[in-house]
Amino acid sequence: MHAHSRRAVLGAGIAAAGSGLLGACSPSVPPNTMGADMDDNGMDTSAKGGDAVAAPRPEYVSPDGPEVRAADRQRGQGPVRRFQLLATATTLDLGARTVKSWAYGDMLPGQEIRVTAGDTLALTLANNLPQPTSLHWHGIRLRNDMDGVPGLTQRPVGTGAAHDYRFTVPDPGTYWIHPHAGVQLDRGLYAPLIVEDPKEPLAYDKEWVIVLDDWLDGVGGSTPDAVLRELNGGMVPGMDHGGPRRIPAPVGSAVSPAPANAARATATATAKGKATAKGGKAKGKKGRTKALHPPSRRLTRGRSALLGGMAGDVAYPYYLANGRTPHSPQVFRAKTGDRVRIRIINAGGDTAFRVALGGHRMTVTHTDGYPVVPAKTDALLVGMGERYDVLVKVKSGVFPFAALAEGKGRSTMAVLRTGGKGARKFPRPKELDGELLTAARLKAAEQVRLSPREPDRTIRMRFTGSPRGYDWSINGKRYDPAQRYPVREGERVRMTFINSTPMWHPFHLHGHTFALPDGGARKDTAILLPHTRVSVDFDADNPGLWMVHCHNVYHSESGMMTVLGYQR
């Protein structure tokens with residue numbers, strides 16, 4: 001649990017340098033474009049007689065193009081805050097047991113990164129993993145070449161290499177970091193990123209950052225890669241010998257790390273970090289040898305009315321709050337009457353959490369970093385990738401912050417205590433079954449509402465596929481980095497998401513925030529229930545190539561991803 005004063009800033013001295021970039025590619029198929037005269041495959045149906053005519057293939061802004069650099073200059077440069085991050089194989093203590101996994105350093109979650117809006121963030125990621133990796137800054141409106149998507153905005157960071165990220169952080173809020181390489185997110189590779197507001201309007205005494213997660217890596221021989229193969233019936237589209245998705249760099253580009261980067265990564269690595277967490281036999285807390293073949297992790301009975309039916313695909317053995325199981329929760333201390341700001345982040349791979357603080361009502365102040373009209377509630381539903389900030393006035397006693405794995409029959413917790421020592425068992429907080437708030441009920445604060453304007457372009461994205469075939473896709477097409485949906489800088493863009501599947505999906509847009517309908521909350525990640533649709537608007541003010549995808553990591557890695565591309 002990360003508790004600190006409001007003005008704490010974490011940093012580590014490290015030099016920042018340039019980074020390798022990828023150029024834009026031409027699309028291999030006609031992209032979906034604007035207006036009611038386009039079908040879901042991007043074909044112009046306005047010709048006489050209804051004959052479909054292929055839309056023209058536009059040229060796209062490169063992730064390191066002049067348009068990107070111009071937009072970045074407009075953000076300015078503030079004080080440089082320097083950090084270093086080591087992605088490594090390590091042993092993690094979850095409370096109930098220890099596991100071998102991958103993490104940033106030896107911490108779960110990784111060390112919090114805290115800056116102030118307007119700062120220039122300079123971070124070097126050193127990769128000591130047995131696989132290439134990257135770093136995505138979830139929710140940040142940053143320059144495109146820093147977005148951390150291998151094969152689209154950067155080359156993958158190879159084993160023994162390092163990569164420098166440097167950008168101005170424009171907006172305050174609660175964000176987080178994680179890889180965008182295969183199913184690495186479902187290991188221990190995540191950390192909170194908190195951007196403080198230099199003109200913070202909220203008054204509070206303490207702050208608590210809670211990162212929720214579902215966990216299976218290293219338990220009984222399970223790995224996320226093995227789970228993905230199981231869900232796909234042993235055949236994983238776009239996968240290579242059970243490793244992560246390999247997205248090739250453009251022809252003629254080199255993906256090998258530069259010698260200087262390799263030396264820097266080696267110098268940063270610790271002796272403990274040099275161990276690799278391989279699948280197969282593994283030892284538990286007491287040294288017992290686990291089974292060579294991991295058990296099935298397929299969820300067969302998970303149902304949730306809140307989620308419209310199926311709760312997810314994966315049955316996890318553990319659920320975590322700040323890296324701890326409920327058997328050994330972290331304890332947050334406060335004084336009676338304190339006003340506490342709680343920042344909630346769902347870093348899970350396949351699980352929505354219903355959260356509540358026992359004995360208290362919460363006032364929701366922000367979602368996905370942006371302020372909302374304050375709303376009181378007993379509980380919240382938080383999908384993968386979503387964040388919520390809440391305020392509570394602390395009562396006297398000991399209370400569980402409970403996080404129920406929605407539809408999966410398990411939970412985790414942290415503890416709020418005003419006196420005494422240790423933690424104890426708690427009954428299920430009645431607040432979990434009380435008034436529940438979802439993003440659809442929130443309204444954006446006046447200062448962050450989009451100005452009234454009709455959309456210049458409408459893009460339809462139909463989520464397609466099924467749990468049975470595990471053929472997840474968008475508009476019937478699995479992810480292809482050359483497939484682009486074009487937009488132009490300065491446009492108001494409306495994206496209509498249509499869920500034609502029997503499962504819910506948390507959809508995420510990189511590099512932007514969108515507005516939910518009718519003055520709704522500003523978001524970058526939102527839940528789309530089965531057989532429903534929602535239209536969201538955003539201003540195309542950040543040039544580049546940007547991912548749109550389901551934030552269920554097993555759905556996205558099976559193909560439910562695509563790209564928005566700014567046209568030159």
Side-chain angles (χ1 to χ4, degrees), residues 2-11 71-72 74-83 111-123 137-143 146 166-177 191-211 332 334 338-345 362-376 380 382 385-393 439 442-451 511-516 519-525 538-539 541-542:
H2 302 272
H4 43 71
S5 70
R6 287 177 49 195
R7 300 186 183 276
V9 176
L10 302 176
D72 190 53
Q74 291 180 1
R75 298 185 185 107
Q77 288 199 8
V80 179
R81 307 301 183 189
R82 303 184 186 275
F83 301 87
Q111 180 177 337
E112 175 186 294
I113 298 171
R114 184 171 286 257
V115 297
T116 299
D119 286 351
T120 296
L121 193 156
L123 181 144
W137 310 81
H138 186 111
I140 297 290
R141 188 167 54 91
L142 77 176
R143 54 181 293 163
M146 297 290 117
R166 184 185 178 101
F167 54 90
T168 299
V169 184
D171 305 307
T174 302
Y175 306 97
W176 62 300
I177 59 174
L193 169 60
I194 307 302
V195 184
E196 293 190 330
D197 190 338
K199 299 179 180 179
E200 178 59 66
L202 295 181
Y204 51 93
D205 302 296
K206 289 182 169 60
E207 183 179 317
W208 190 11
V209 179
I210 302 178
V211 185
F332 175 70
D338 276 351
R339 286 172 59 85
V340 177
R341 180 179 192 165
I342 306 177
R343 300 179 186 259
I344 306 163
I345 302 169
M362 304 179 291
T363 300
V364 180
T365 62
H366 296 73
T367 180
D368 291 0
Y370 278 69
V372 298
V373 176
K376 293 185 179 295
L380 281 168
V382 189
E386 287 190 294
R387 294 91 62 209
Y388 286 89
D389 293 19
V390 302
L391 287 178
V392 296
K393 187 173 182 180
L442 294 171
K443 297 295 182 182
E446 184 66 32
Q447 66 270 27
V448 298
R449 288 186 182 178
L450 291 182
S451 60
H512 304 76
T513 62
F514 50 76
L516 294 178
R522 295 289 300 277
K523 301 274 288 174
D524 56 71
T525 311
F538 72 93
D539 287 331
D541 57 3
N542 197 11

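Each residue takes its place number in the sequence, starting with 1. Quick caveat: nothing in here was measured; it's all calculated off a predicted structure.
- By the 4.5 Å heavy-atom criterion applied to side chains, W208 and V392 are not counted as neighbours.
- Under the 4.5 Å side-chain criterion, counting only non-hydrogen atoms from C-beta, H366 is not in contact with R343.
- Put simply, CZ on R141 and CZ on F167 are 12.5 Å apart, with the number rounded to the nearest 0.5 Å.
- In this structure, the separation between CG on L202 and CG on D389 is 8.0 Å, given to the nearest 0.5 Å.
- Counting only distance, with no hydrogens or angles, the side chain of R82 and the backbone of A122 share no donor-acceptor pair below 3.5 Å.
- One finds the NZ atom of K199 at 13.0 Å from the OG1 atom of T116 (value rounded to the nearest 0.5 Å).
- Inter-residue side-chain proximity for K206 and F332 is flagged as met; some heavy-atom pair is nearer than 4.5 Å.
- P198 approaches A117 most closely through the heavy-atom pair CD-CB, 4.0 Å.
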Evaluate D524 against R387 for side chain to side chain contact (heavy atoms under 4.5 Å, CB included), listing each step before the verdict.
CA-CA 10 Å; D524 56 71; R387 294 91 62 209; 2.9 Å; yes
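- H512 has its side chain within reach of D541: a pair of non-hydrogen atoms, C-beta onward, lies under 4.5 Å apart.
- For the side-chain contact (heavy atoms from CB on, under 4.5 Å) with L121, the lone residue among L142, L193, V80 that qualifies is L193.
- N542 places a side-chain N or O within 3.5 Å of a backbone atom of G511 that can act as its donor or acceptor partner.
- Side-chain atoms of R341 never come within 3.5 Å of backbone atoms of Y204 as a donor-acceptor pair (strictly under, hydrogens ignored).
- Residue-environment remark: NZ (K393) stays at or below the threshold of 12 foreign heavy atoms within 6.0 Å.
- Taking both residues in full, the closest heavy atoms of A334 and V340 are given as CB-CG2, 4.4 Å, listed atom of the first, atom of the second, then distance.
- A distance-only check finds no donor-acceptor pair linking the side chain of D368 to the backbone of G139 [under 3.5 Å].
- One finds the CE atom of M362 at 11.0 Å from the CG atom of L391 (value rounded to the nearest 0.5 Å).
- Smallest separation of non-hydrogen atoms from V372 and T367: CG1-CG2, 3.8 Å.
- I194 is listed as a side-chain neighbour of T174, based on a closest heavy-atom distance under 4.5 Å.
- Judged by distance alone, the side chain of T363 and the main-chain N or O of K376 form no donor-acceptor pair under 3.5 Å.
- Here the closest heavy-atom approach between residue L516 and residue A439 is recorded as CD1-O, 3.8 Å.
- Using modelled atom types, one side-chain atom of H138 and one backbone atom of G385 make a donor-acceptor pair closer than 3.5 Å.
- Of the inter-residue distances, the one linking F538 atom CZ with L450 atom CG reads 10.5 Å to the nearest 0.5 angstrom.
- If you take OG1 on T513 and CD1 on I140, they are separated by 11.0 Å, rounding to the nearest 0.5 Å.
- A salt bridge links E207 with R114; the closest basic N to acidic carboxylate O contact falls under 4.0 Å.
- Side-chain atoms of T168 come within 3.5 Å of backbone N or O of G76 as a donor-acceptor pair.
- Side-chain contact between K523 and Y370 is absent, with no heavy-atom pair separated by less than 4.5 Å.
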Where do R339 and D205 land on the salt bridge (charged side-chain N to carboxylate O under 4.0 Å, His left out) test, with the steps shown first?
CA-CA 5 Å; R339 286 172 59 85; D205 302 296; 5.9 Å; no
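- Counting heavy atoms from C-beta outward, R449 and K443 have side chains that approach closer than 4.5 Å.
- Residues V209 and I345 have side chains in contact (heavy-atom distance under 4.5 Å, counting atoms from C-beta outward).
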